[in-house]
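Atom set for the values below is all heavy atoms of this structure, side chains included, hydrogens, waters and symmetry mates excluded.
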Amino acid sequence: MANQVNPPRGMRDFLPAEKARRERLLAVIRASYRAHGFDEIETPVVEDSDRLHAGLGGDNEKLAFGVLKRGLTHDDLRAAAEPLDLVDLGLRFDLTVPLARFYASHRAELPTVFRAIQLAPVWRAERPQKGRYRQFVQCDIDIIGEPGIRAEAELLVATLATVDALGLRDSVIRVNDRRLLVGMLDTLGFAESERDAVLITIDKLDKLGQNGVIDELRANGSTPAAVDALEQFFRRPMTMEHLPFGDRAIRKLLPQGADETVIAELAALGDAVRAARRGPGATESEQLGLQPELLQFDPFLVRGMGYYTGPIFELSHPNVPYSLGGGGRYDGMIGRFLGTEVPATGFSLGFERLVDLLEAEPDGAAAATALLYDADVPLATLLTLKTEMLGGTHGIGGGRVRLVARPKNTKTLLETLSAEGFTRFAFVDASVTDVGDLELRALGA
RNA sequence: GUGGGUGUAGCUCAGAUGGUAGAGCACUGGCUUGUGGUGCCGGUGGCCGCGGGUUCAAGUCCCGUCAUCCACCCCA
C-alpha cells in the first residue's frame, strides 16, 4: 500500500537475503582489489558545497543534494541571490572529487604512488529508473602519482580480474582517449567553443546511430563543414576484419593525422593488458579463441565527466543498455585542490548495476540451524541448546542457530528459513533436554 | 526537467458498460493429523494512494497531487 513508510524516492531498503548477497559481492570486489595492491580508504559522505560545485563534476553537479546551513533566518533567505547561497555542504555525487581532496589533505602520509579502493554510496538527485538510483554504491580504484599508462594497465587488469571473480561473463571494456577525441574534432573542423556540445551528441552514437548523430548536430547548428566531414568519415570504406586492440585497430578507426604519441600509448596499454590476461607461458595462438577480446577501442567513447584528460574507459555488457562502470585519467583535478599537479587515473564499478545483473548465488556460508520449539519448552532449555550448539558461550565458531516458535503451518516457515540460508532444522518439544535429543534434518533448497 | 503505464487486504492480483469490495497465499482459532509440514470449518485484516469535482450513487468517470515503474535527458 502506498503510504508514508516508503524509503525516500530512488533509495532502497534491503531485506536480509538481499543485504547478505550484497555483502558477499562487496567482499569479492574488496578482496580482488586488495590482492592487486590497492588499499581501502573512507571519506565523509558530505563535502564542502563549493568543492562539489567547482566545475569538475560536469552535469552531476546539478544533481548534487545540498545541505542547508544550520540556523538560517528569514533574513538569510531574503538575502540569498541563489539557492546555493543557503547551502554549505553537499552529498558527494561521485568518489573521485572526495578522493582528490583526501589526497591533497593527506599526501604526506601516503606512498608516492597511491592505490586507493573506495566502496561507498554516492547520491544523485536523478529521476529513478531501471539501473538508476538516487543512492547507489560505487566501487572505485584509483592510482594517484603515476603519470604513464603503467597506471591504466594496472587499473584495467585489476578491474578485469574483479569482473571475472564476480562471475560476470561477456563484458567488454571500451577504451578511448580524451586527446584523440579532441584531436578528431579539430581535424574535422569543429570549433573549440562547440566541442562539449558536439561530444554530448557523439556520445549518443550507440542510441541514435550515425545518421541520428549527424541530424542532431545539424539541428544544433554545429559548423556545417565539420558535420559534413564527420558524415564522410562515418561513410568511409572499411574492411570488416577483426583486429585485436592495438596499433592497427586504433589507426583503422581514426581519421588521418591523429596524435602518434597517444596511439602508441594506447597500443602499449592494450599489449600489456593482453599479455597479463594471457598469463605466463601461454602463447598467443594457444589462447586465440579461448580468450575473448576484453578491450575494444572506441573512437566515439566520450564519458560525461569534464575532468578527464587522457585515456578513458567504460565497462559494458550485452545484456544491459547502460554501462556497468567507467573511468579515466584526470590529471588536472588534484592540482585544483593541492596547488601542485599530481597525475591520477581511476576506474569505478557500478555496484548496483552489477548486483542487478548477476545471478543470485546461494550463500556458501557455514551451517545454520533453526530450532522450531513448542510453546511448552522451557526458555532455559532453549538457550542452553543454542549455546551448546554454538560450541560455547562466545558463539562465534562460524555456525548460526536461531530459535523460532513453531507455527501451525511449518511449510512456509521452512521455505523462508531456507531462503535465508539456513541449512538444517530440528523440532524441539518438551521431551528434549539436551543436544543429544535433537533430530537434525537437512533443509533443502 | 520532459513523456507514458500503474497505484484495491501483509504479498500476488480479480473487480465490462458507475449501485458503498473479492480470490489465492500469509497470519490466526477449533477439530483432524501427529511432525518434510494433512484435511475440514471459522477468524483477524481494506480512508479501493491522497485531495477535489460530476452524480441520487464513484474502486469504477473528470481534474489535481503524491508514489512507483518505463522511456527520454544524463549517467554507475
Q: Using a cut-off of strictly less than 4.0 Å, decide whether A:R9 has a side-chain nitrogen or oxygen near OP1 or OP2 of B:U68.
A: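 Checking A:R9 against B:U68: at least one side-chain N or O falls below 4.0 Å of OP1 or OP2.
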
Q: Checking understanding here: a glycosidic angle within 90° of 0 is syn, the rest anti, so what is B:A16?
A: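 Here the answer is syn: the torsion falls within 90° of 0.
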
Q: To the nearest Å, how far apart are A:I312 CD1 and B:C75 P?
A: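 Spelled out: CD1 on A:I312 to P on B:C75 is 11 Å.
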
Q: Find out whether the Lys NZ or Arg CZ of A:R174 is both under 6.0 angstrom from the six-membered ring centre of A:F297 and within 45° of the ring's axis.
A: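 Checked: cation-pi criterion not met.
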
Q: For B:G46 versus B:A9, give the span between their P atoms, rounded off to a whole number of Å.
A: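 Nearest-Å result for B:G46 against B:A9 at atom P: 10 Å.
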
Q: Please determine whether a side-chain nitrogen or oxygen atom of A:K207 lies at a distance below 4.0 Å from atom OP1 or OP2 of B:C73.
A: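 Yes.
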
Q: Do we get A:R124 above A:F65's six-membered ring, with its NZ or CZ under 6.0 Å from the centre and within 45° of the axis?
A: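 No.
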
Q: Return the orientation label for the A:F347 and A:F313 ring planes: parallel under 30°, perpendicular over 60°, tilted otherwise.
A: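 Taking A:F313 first and then A:F347, their aromatic rings lie parallel (interplane angle under 30°).
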
Q: Could you tell me how far apart A:R134 (CZ) and B:G1 (C1') are, to the nearest whole angstrom?
A: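 Computing the A:R134:CZ to B:G1:C1' distance gives 11 Å.
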
Q: For B:C69, does OP1 or OP2 lie under 4.0 Å from any side-chain N or O of A:Q129?
A: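 No, outside the criterion.
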
Q: What integer distance in Å separates A:E126:CD from B:A71:P?
A: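 Atom-to-atom, A:E126 to B:A71, this comes out as 14 Å.
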
Q: Counting only side-chain N and O atoms of A:T412, is one of them less than 4.0 Å from OP1 or OP2 of B:A26?
A: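 The answer is yes; a side-chain N or O of A:T412 sits under 4.0 Å from OP1 or OP2.
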
Q: Let's see if you can work this out: which of B:G37, B:U35, B:C69 has an atom nearest to the side-chain heavy atoms of A:R406?
A: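 Nearest nucleotide to the side chain: B:U35.
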
Q: Does A:Y322 lie flat on the base of B:A76, that is, centres under 5.5 Å apart and planes under 30° off?
A: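 Given the distance and angle limits, no, they do not stack.
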
Q: Could you give the side-chain donor-acceptor pairs of residues 181-192 of chain A under 3.5 Å, partners two or more places apart or in another chain?
A:
unit_1 : atom_1 : unit_2 : atom_2 : d
A:D186 : OD1    : A:R195 : NH2    : 3.3
A:T187 : OG1    : A:G183 : O      : 2.8

Q: Assign A:I200 to base, sugar-phosphate, or nothing according to its heavy-atom contacts below 4.0 angstrom with the strands shown.
A: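 Since only primed, P, OP1 and OP2 atoms lie under 4.0 Å of A:I200, the category is sugar-phosphate.
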
Q: Does the B:C75 base have a donor-acceptor partner in the side chain of A:R353 within less than 3.5 Å?
A: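 Answer is yes: a donor-acceptor pair is held.
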
Q: Return a table of donor-acceptor pairs under 3.5 angstrom between the side chains of residues 424-434 of chain A and protein atoms on other chains or two or more places apart.
A:
unit_1 : atom_1 : unit_2 : atom_2 : d
A:R424 : NE     : A:T369 : OG1    : 2.7
A:R424 : NH2    : A:T369 : OG1    : 3.3
A:D429 : OD1    : A:S431 : N      : 2.9
A:D429 : OD1    : A:S431 : OG     : 2.6
A:T433 : OG1    : A:D437 : OD2    : 3.1
A:D434 : OD1    : A:G436 : N      : 2.7

Q: Looking at residues at least two apart in the chain, or sitting in another chain, which of them share a salt bridge (Lys or Arg N to Asp or Glu O under 4.0 Å) with A:R150?
A: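 With sequence neighbours excluded, A:R150 shows a salt bridge (Lys or Arg N to Asp or Glu O under 4.0 Å) to no residue whatsoever.
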
Q: Could you tell me how far apart A:D196 (CG) and B:C73 (P) are, to the nearest whole angstrom?
A: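 Computing the A:D196:CG to B:C73:P distance gives 18 Å.
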
Q: Would you mind checking if A:R329 and A:E146 are paired as a salt bridge, meaning a charged N to carboxylate O distance below 4.0 Å?
A: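 Between A:R329 and A:E146 there is no salt bridge, as every charged N stays at least 4.0 Å from the carboxylate O atoms.
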
Q: Could you tell me whether the side chains of A:N176 and A:Y308 share a donor-acceptor contact shorter than 3.5 Å?
A: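 Result is no, nothing qualifies.
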
Q: Considering heavy-atom distances to RNA chain B, does A:K204 or A:F425 have its closest nucleotide positioned more toward the 5' end?
A: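 Mapping each residue to its closest nucleotide by heavy atoms, the 5'-most match is A:F425.
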
Q: Looking at A:R34, A:Q118, A:R30, which hits side-chain hydrogen bond (donor to acceptor under 3.5 Å, both in side chains) with A:E40?
A: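 Exactly one candidate clears the test, A:R30.
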
Q: Could you check whether A:R400 makes a cation-pi contact with A:F422, meaning its NZ or CZ is under 6.0 Å from the centre of the six-membered ring and within 45° of the ring axis?
A: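 Judged by the rule, A:R400 and A:F422 form a cation-pi pair.
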
Q: Using atom CD of A:E415 as one end and atom C1' of B:C11 as the other, report the distance to the nearest whole Å.
A: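 Going from CD in A:E415 over to C1' in B:C11 covers 14 Å.
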
Q: Mind checking A:S348 for me? I need base, sugar-phosphate or nothing, with any heavy atom below 4.0 Å counting as a touch.
A: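 Counting heavy atoms under 4.0 Å across all strands, no contact is made by A:S348.
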
Q: Set out, line by line, the N/O atom pairs under 3.5 Å between protein and nucleotides 30-32 of chain B.
A:
unit_1 : atom_1 : unit_2 : atom_2 : d
B:G30  : O6     : A:K408 : NZ     : 2.8

Q: On RNA chain B, compare the nucleotides closest to A:L315 and A:R441; which residue's is nearer the 5' end?
A: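 That would be A:R441.
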
Q: Could you work out the separation of B:G49 and B:G7 based on their P atoms and round it to a whole Å?
A: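 My reading of the P atoms in B:G49 and B:G7 gives 8 Å.
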
Q: Could you give the CZ-to-P distance, from A:F93 to B:A76, as a whole number of Å?
A: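 One finds 11 Å between P of B:A76 and CZ of A:F93, rounded.
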
Q: Check if the side chain of A:R127 and the base of B:G3 share a donor-acceptor pair of N or O atoms closer than 3.5 Å.
A: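 Per atom types, the contact qualifies.
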
Q: Report, one line per pair, each donor and acceptor closer than 3.5 Å where one atom sits in a side chain of residues 317-326 of chain A; sequence neighbours left out.
A:
unit_1 : atom_1 : unit_2 : atom_2 : d
A:H317 : ND1    : A:N319 : N      : 3.0
A:H317 : NE2    : A:R169 : O      : 2.7

Q: Any stems for RNA chain B, made of 3 or more Watson-Crick or G-U pairs in a row, each with both distances under 3.5 Å?
A: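 So the stems come out as B:1-7 with B:66-72, B:10-13 with B:22-25, B:27-31 with B:39-43, B:49-53 with B:61-65.
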
Q: Nearest whole Å is fine: how far is B:A76 P from A:F313 CZ?
A: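 About 14 Å, once rounded to whole Å.
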
Q: Calculate the interatomic distance between A:L413 atom CG and B:C11 atom P; express it in whole Å.
A: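 It works out to 20 Å between those atoms.
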
